[in-house]
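Heads up: the structure comes next, in structure tokens.
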2 protein chains.
Amino acid sequence: MRADAKKNYDHLLSIAQKALLEQGADVSMRDIARQADVGVGTLYRHFPTREALLDALLRSSFDDLAGKANELNGAAETDKALLVWLEEVIAFTHAHRGILEPMMSAIEDPASALHESCVRLKTAGASLLRRAQADGTARPDLDGAELFDLIAALAWLREQPAHAQRAARLFNVVAGAVLKAP
Amino acid sequence: MRADAKKNYDHLLSIAQKALLEQGADVSMRDIARQADVGVGTLYRHFPTREALLDALLRSSFDDLAGKANELNGAAETDKALLVWLEEVIAFTHAHRGILEPMMSAIEDPASALHESCVRLKTAGASLLRRAQADGTARPDLDGAELFDLIAALAWLREQPAHAQRAARLFNVVAGAVLKAP
DNA sequence: ACCTGAACACCGTTCAAGT
DNA sequence: ACCTGAACACCGTTCAAGT
């Protein structure tokens, strides 16, 4: 990549990051280009789809969350480890409004630029779930894809402006269904 | 209402109904007017907001669902009654893609044209929940608003194209958290 | 190589002008 | 009263023309 292109790429990314946090994942592409003082074509050249842009923005965070899962795989209380991780994921998506819809599409569409990142997240959660299941602290009849969907549903609830507060309580209700009663 | 206006109103409604089923709740308003062979202004005159149009389209169905809840309030098995009703609601929203997002906004916004209809639905569910709680078949620490949110989250899951199948199983998982174990 | 921005095909919504 | 559709301010996306 040429130096000037690299500069545009990085600048675009930092502007898009801010836009994602402030305006949500459905910010207009035009707006991002405008805020970055760059032609729309430049934005599309670097990120041919919105998913490609989201992937660039989220990949490292998703990797961090997967890393966190790895750490938690060493924890003694397998149920608590799963719980902590789930809360962390939901807190992250909560800070990035509008991210769930594209994630849900991407996880089932290998052609999506966001697919790999989402799979990484799902896999990380699945490993924590498996360990809890082996330990007998989580119900055994659940797989990684289902866990992903449950997280997504709760995260979506939390994304709804006036429902976020209730979503916290409902997280516990649903968590109670995933983990065996104490 | 003048006769010609009434005719436009009815025609618009029947076209919008078809559009809602075939293209989802986020059909373009322009498209509806176009399909109805009517100027956009006519559509907006009869339905000043998308919520107003959705309300006109859904009100009677929501009333039916509320009526169904009333019938089920006479059922012997209070837990099964709640379950059956929940499935019915989710099946309905599943047939009307894209309806959940506006419903979630409307239920918390008294100014929305869709508010009343949503409240009716919430109230109907709450009555079934209360009866099951009084009967000891549903967990007592849950209110109507929380039940509404749980339904919404499951219905949203079912709205996601590739996740609908899993949503059916996850309905049972979550239902198991709401109802007391058998 | 890379950037620009006009161009195309769409939106939601309003409101002057018509009947 | 009611209807029409041009008008305005937006989109996403592409691609010829420029550097």
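Protein chains get the first letters and strands the later ones, always in sequence-line order, with residue 1 at the start of each. Quick caveat: nothing in here was measured; it's all calculated off a predicted structure.
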For B:L43 and C:dC15, what is the distance between atoms CG and P respectively, to the nearest whole Å?
16 Å

A:I32 CD1 to D:dC10 C1', in whole Å, measures 16 Å

Under 4.0 Å between a side-chain nitrogen and a carboxylate oxygen: does that hold for A:K6 and A:D10?
yes

Could you state the CG-C1' distance from B:D26 to C:dC10, rounded to the nearest angstrom?
14 Å

Regarding A:D4 and A:K7, does a basic nitrogen lie under 4.0 Å from an acidic carboxylate oxygen?
no

Rounding to a whole Å, what distance do you find between B:F47:CZ and C:dT13:C1'?
16 Å

Mind checking if B:V40 touches a base, just sugar-phosphate, or nothing, with heavy atoms under 4.0 Å?
base

Rounded to the Å, how far apart are A:D31 CG and D:dT13 C1'?
16 Å

For D:dC3, does OP1 or OP2 lie under 4.0 Å from any side-chain N or O of B:N8?
yes

Please tabulate, for side-chain N and O atoms in residues 150-163 of chain A, each donor-acceptor pair with protein atoms closer than 3.5 Å (sequence neighbours left out).
{"from": "A:E159", "atom 1": "OE2", "to": "A:G98", "atom 2": "N", "distance (Å)": "2.9"}
{"from": "A:E159", "atom 1": "OE2", "to": "A:I99", "atom 2": "N", "distance (Å)": "3.3"}
{"from": "A:Q160", "atom 1": "NE2", "to": "A:W156", "atom 2": "O", "distance (Å)": "3.3"}
{"from": "A:Q160", "atom 1": "NE2", "to": "B:E101", "atom 2": "OE2", "distance (Å)": "3.3"}
{"from": "A:H163", "atom 1": "ND1", "to": "A:R166", "atom 2": "NH2", "distance (Å)": "3.4"}
{"from": "A:H163", "atom 1": "ND1", "to": "B:D149", "atom 2": "OD1", "distance (Å)": "2.7"}
{"from": "A:H163", "atom 1": "ND1", "to": "B:D149", "atom 2": "OD2", "distance (Å)": "3.1"}
{"from": "A:H163", "atom 1": "NE2", "to": "B:M104", "atom 2": "O", "distance (Å)": "2.8"}

Heavy atoms of other groups near B:E116 CD, more than 12 under 6.0 Å:
no

May I have the distance from A:E51 (atom CD) to D:dT13 (atom C1'), rounded to whole angstrom?
14 Å

Where each residue is assigned the nucleotide of DNA chain D containing its nearest heavy atom, which of B:D37 and A:T49 is assigned the position nearer the 5′ end?
B:D37

Here DNA chain C, pairs taken as Watson-Crick or G-U under 3.5 Å and shown with ( ), [ ] when crossing and | when to another strand, reads ||.|||||...|||||.||

Given side chains that start at C-beta, do those of B:D143 and B:L147 come closer than 4.5 Å, heavy atoms only?
no

A:Y44 side-chain proximity, nearest of D:dT14, C:dT4, D:dC2
D:dT14

With heavy-atom distances below 4.5 Å as the criterion, would you say the side chains of B:I107 and B:M103 are in contact?
no

Do any side-chain nitrogens or oxygens of A:R45 fall under 4.0 Å of OP1 or OP2 in C:dC2?
yes

Rounded to whole Å, NE2 of A:H11 lies from P of C:dC2 at a distance of 19 Å

Establish, with yes or no, whether the OP1 or OP2 oxygen of C:dC3 is under 4.0 angstrom from a side-chain nitrogen or oxygen of A:H46.
yes

Tell me: CZ of B:R2 to P of D:dC2, nearest whole Å?
6 Å

Taking NZ, NE, NH1 and NH2 as the nitrogens, is one of them in A:R120 or A:D63 under 4.0 Å from a carboxylate oxygen of the other?
yes

Below 4.0 angstrom from OP1 or OP2 of D:dC11, is there any side-chain N or O of A:R34?
yes

At under 4.0 Å, does any side-chain N or O of B:S28 touch on OP1 or OP2 of C:dG12?
yes

Phosphate OP1/OP2 of C:dC10: any B:R30 side-chain N/O under 4.0 Å
no

